[in-house]
Each structure stands twice: as structure tokens, then as C-alpha cells.
Amino acid sequence: MNHYNISNPTDYQQAYKKSVEDPKDFWEKIAKENFVWKKQWESICEHDFKEAKFTWFKGAKLNITENCLDRHLATKGEQAAIIFEPNDPKEDAQHISFNELHKRVCKMANVLKEQGVQKGDRVILYLPMIPELAVSVLACARIGAVHSVVFAGFSSTALASRINDCGAKIVITADGGFRGAKTISLKTIVDDALKETPAITKVLVVKRTSQTIEMIEGRDVFLQPLLDAASEQFEAEVMDAEDPLFILYTSGSTGKPKGMMHTTAGYMVYTAYTFKNVFNYNEGDVYWCTADIGWITGHSYIVYGPLANGATTIMFEGIPSYPDCGRFWEVVEKHKVNQFYTAPTAIRSLAKESLALVTKYDLSSLKVIGSVGEPINEEAWHWYDDNIGKNNCPLVDTWWQTETGGILISPLPGVTQTTPTYASFPLPGIQPCLMDADKKELADATAEGALCIKHPWPSMARTIWGNHKRYIDTYFSAFAGKYFTGDGAQRDENGYRITGRMDDVIIVSGHNLGTAPIEDAINEHKDVAESAIVGYPHDIKGNALYGYVILKETDNSPEQVKIEINQLISNQVGPIAKLNIIQFVPGLPKTRSGKIMRRILRKIACNEMDSFGDISTLLNPEIVEDVVKGKL
Ligand code: WTA
């Protein structure tokens, strides 16, 4: 039996059971019957949790773009693959058919080849949400180059560190990008970053805003003339199942961002399978995920998952509040969107606006609505369900991570139950478990603990680029024989409910932020001696950042220092990491080994000051009272 289409509860139960009892056969059938391969695999899955070595579809040969493009040409060449909805609603949307997308990808692949890009090379994409971004992603995959998309909201410092970490030689960018009423000077940011990246020899530039930019002779080239001259044919490179497909950076608790490396076959199979079932995508549907391709959600559920299913996927360049807060709903009506996938932070911000901005539009095309990126609180869940889904569209609260490649826990629309705030049940192939502090698995039906996954799945990241030890240490050492997600969760008869991060990653407006790079930026201020940041609950962003800063002696006004601190953060990490509150403190609570006790700082920021738990292990317990007194 092929379990590719799950259409009722029995299907789900059977598929799930099969996937646990005989995962190899389960995935083999799905892979064989739903994808095109140039050569079959020798084995389905080999794994070693201790060494964190995972191999899926060993020895198989394929090119993911043939699965996303070529194989659809005969049956749906003229169907829209991508609908591009520009930032400015007055600019026409573009319907890019599979035929057209195929041509554009081949042209781009030819250009990249001419510019010296080869199989295995890393290519940095620093682009706004315009079709060239999806085209570049696929062009890299077509020639076997490894793409690393850097979200265009990141600063030049963040961009430079990613370029250097993955050893890229080429960057594809744009002159600028439109974001609501603003124009972002992307090329200027790239120029700044490239002062620190000696290996970059080529910058290919898309014209989007036509603003004046500097072009460095010999290094910077406009893309369009090259594309115009390029051939529309490009034979896809034969890739091994385990060849790297992309690197995507995500924040860690400590140190610099981690370049999560994903490979080809397992990623393709799993993202396609989950796209089909989590969104119940059917032929002819129009699907819209509002994420940016700079995040994993955009990789898996704007580009690869939808296109592998021959779906029509919308790429939206703009923001939810431009020209007004009805934009999402206007676009849903305009393109008759059937599946809509967004983030809780967007829902919370739009829920604050007048309902007239929603009711103005006809949302009756919607069949499934989804949420991703952080826990969706009950109020936001109900607002979304009532006003957007009209209590008539299953709301899929999808839990997953950059590291997992695809959705692991989620309701299946019309198949499994939805419960507000519950990501609910694992998808076939996923075996979650909860662990206690003694590293024992919690076997009871009702439990709360550290969320782990105890069997490999096809789309898991294979390593951290250039640092396999960090990969093992971060994900496979806390609980032997299991992948540790870093999240805490509860479980009961409604399934899994994610409670949030257990480490120092803070999720602000759905973006993962590590404390270390932000504290590094703060500490660069000449008046700052030391700092610590924590998250605290925020109505719209989910979490906002609270910074505790120890100042040196200075003549500058504290208000001025605060402004400069946020400027530094903006430059080094990006505007999304700015602090909402900065409190100057005389000291920070530390353990005897010198580690900052963030738990205490978090409680203070969250106004939970009645109990701090055991503070006897602190080196300087008296400081806690001072910090509490100065709470802002
Ligand atoms: C959080 C995004 C609760 C979680 C795809 C995870 C969620 C981190 C949910 C990964 C959800 C994501 N409910 N929390 N439905 N989805 N998270 O790597 O803490 O950007 O570990 O991947 O987001 O964020 P990332």
C-alpha cells in the first residue's frame, strides 16, 4: 500500500503504525512511487546516533530540480508554478508557469556555470522575495552547487560571517528590495560585508529597485544581460542522495550561528510528503506560505515541497501591514488561495487591527490554514480560526525546526483532531518522546519533559557545516541514542503541546535569536562592561528582548548609550534583534564557575519575582535584589 495520500483517520493510523514497525519499507514505497530517480538506492536508512551519521537512500542518484520541474512539464507545463505577488499591490502579479520556471532555472544555471560555479561550490543568495530568489535556489540545485540563503534582513556583519563560514566565492544579490514603504539598499550591505570576505570574487546583481549602486569592475555584474544571452537548456547534474543541497544558518545557544547542512534525497522525499499531507494539497489548488525563503519554512514549503508536488505556490514580496493591515486577506481573495500558512506573530499583529480589514475580503477559497515558528497562544489560535478560517478550515499548528528540514508534529486536516495550542500528533515516520532530568524516557500518556526524537527521519540535517563535533554535542549528546530538539513539551490525549525553548535561544517574532551574538554586539560599545539578554513575553512578537547591561564609568547619558547599543545590534545582527528594554545594572548574577544565571534574569524580566528557586549556588546572591529594584 502506498501511504503518500493520507485521507482519513484509518489511513493515518495505518501509515503511522507501518512507519514505526517497518520504516524502511514505508519510506521505500513512498520514494519509489512518487519521485523520479536516475538510479535506485542500495539501502533506505543507515544510522549511528553516537557518531551522528545518518544516510538515507544510499547510493541513489537524482536531481531534485527534475522532480520539482521537468517531470511536470508534460502534464502541467502551462500551470502556474509560482505566482509572484509584488510588494506594491499596484504592480501586476506574475504567473510563472512550470515551462517558464524551467527555462529561467536553466538559464540561471548556465550563467552560474559560466561564472565558474561548480558542483559542490557554495553560493550565497542575499535577495528580496522576488522570483530570482527561487530561480537561483533551483539553479544551484540543478548544477549541484550548495545554496546558502541569507535572510535579506540580516546585517552586513551577519552576512560576512556566513559567507566566510561556508567558504562561498560568489554572491547573488539585488540592487535593493522593497519592504512596505521602505526601500532596503541590499547592494550597499553586500559591499560592506565583502570588505571582510576575501574569497568572494563575483557578485551577480538583480535589478529590482533601480536605485543607484556602486558596481566594482571585475567583481560585480548585472544578471539580466547574462540571463538574456544564456541557453534555455541545462542538463541537470546527477547528484548522489547524500550530496549537500543547502546550508542554512540558525542561531545556537552559544557561539556563532550553526550552518545546518541538508542533503538531497531524504530532504526531497520528506518535504514533498509532508507538504502534500499537512496542507492536503490537491491538483489545481493555490497555496500560499507567507514566510521568507531566507528561513527554512520558505525552503521547504515555498520552494521544494510544493514544486515537488507540482503545486502552485505564491511568493509574496511585501509585508502584512502594507499598504494596510488587510493585505494578506486581499491577496487571499485575489489569488483565491486554498491553503494559507503563516506565523503566530503575524496573526497577533493583525488581530489587533479592525476586523473590517478582514471582512472586506472574500476568504471563502480557504480550505486549510496553518501556523509555524513558535507556539500559537490560545487567543491568537481562536482569532485565526474564527475570522480567517471561519471555523470551517482545519488549523494546522505545525511544529518543526531548521534542523528537522520538514514538519514533524502537526494535525492533518480533516484527518486528525486539532486542539488550540497543540501541535498534536507526530507525522508518519516521526517517533517523539519526552525525557526527564535523569535522562529517562517518560512513558506515561500524560507527561512533560525534553522533546526528543528517537528514530531518524529522511530530512534531518546531516551536520553543522565544518563542525560535526558541534552537531553531535548540540543534538545527540544530552540524551544517548536520541535527537534532542532543544524544546520542552507536554503530552496528553490531545497529543504534543510545545512549551518553548529549553536553551538560550529566544524566538522573537518567529525568528530564532541566540544570546551570544547579540551580547557580543552590546559588549562592543565602549561604555559597556558586560551584558546579558533574556526574552520576556510580548503581545505581538511572542517574546521581546530584555537586556541587562553593566556600564563602565562614562560621561555619556544613559539614554544615549541605549540608542547606541541598539544601533550596534542592528548593524551586527540585524534590526530584528534590537532590545525592547535595557536596564543598567551594577552586576549580573553568576554561578561560581562564572556562568550568568539567565534563569533568574528571565524571571525578573517576566515579573515572576516571588521565587527565584535556589540561589545559594550564586557567587553574588546580593546582586539579585539590586537587579529587582531597578526593574523597568
Ligand atoms: C519553535 C521554524 C511551538 C520551536 C520551522 C522550534 C514552534 C523553533 C513551532 C525552530 C510550533 C516552531 N509550536 N513552537 N508550531 N514551530 N517552533 O529553526 O521552539 O526557525 O525549536 O524553524 O521554533 O525554529 P526554526
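Residue numbers start at 1 and run along the sequence shown. Counting starts at 1 for both ligands and their atoms, following the listed order.
- Residues meeting the salt bridge (charged side-chain N to carboxylate O under 4.0 Å, His left out) test with D539, sequence neighbours left out: K352.
- Under a cutoff of 6.0 Å and an axis angle of 45°, K439 and F479 form a cation-pi pair.
- Taking the ring centroids of Y287 and F275, they lie under the 6.0 Å cut-off.
- When heavy-atom distances to ligand 1 are checked against 4.0 Å, the residues falling inside are I296, T297, V372, G373, E374, P375, D397, T398, W399, W400, Q401, T402, D487, I498, R501, I507, N512, ordered by chain and number.
- Listed by chain and residue number, R501 satisfy the salt bridge (charged side-chain N to carboxylate O under 4.0 Å, His left out) test with D487 (two or more places apart in sequence, or in another chain).
- Not one N or O on the side chain of H147 forms a donor-acceptor pair closer than 3.5 Å with the backbone of L138.
- Scanning for salt bridge (charged side-chain N to carboxylate O under 4.0 Å, His left out) contacts around E441 gives K454, with sequence neighbours left out.
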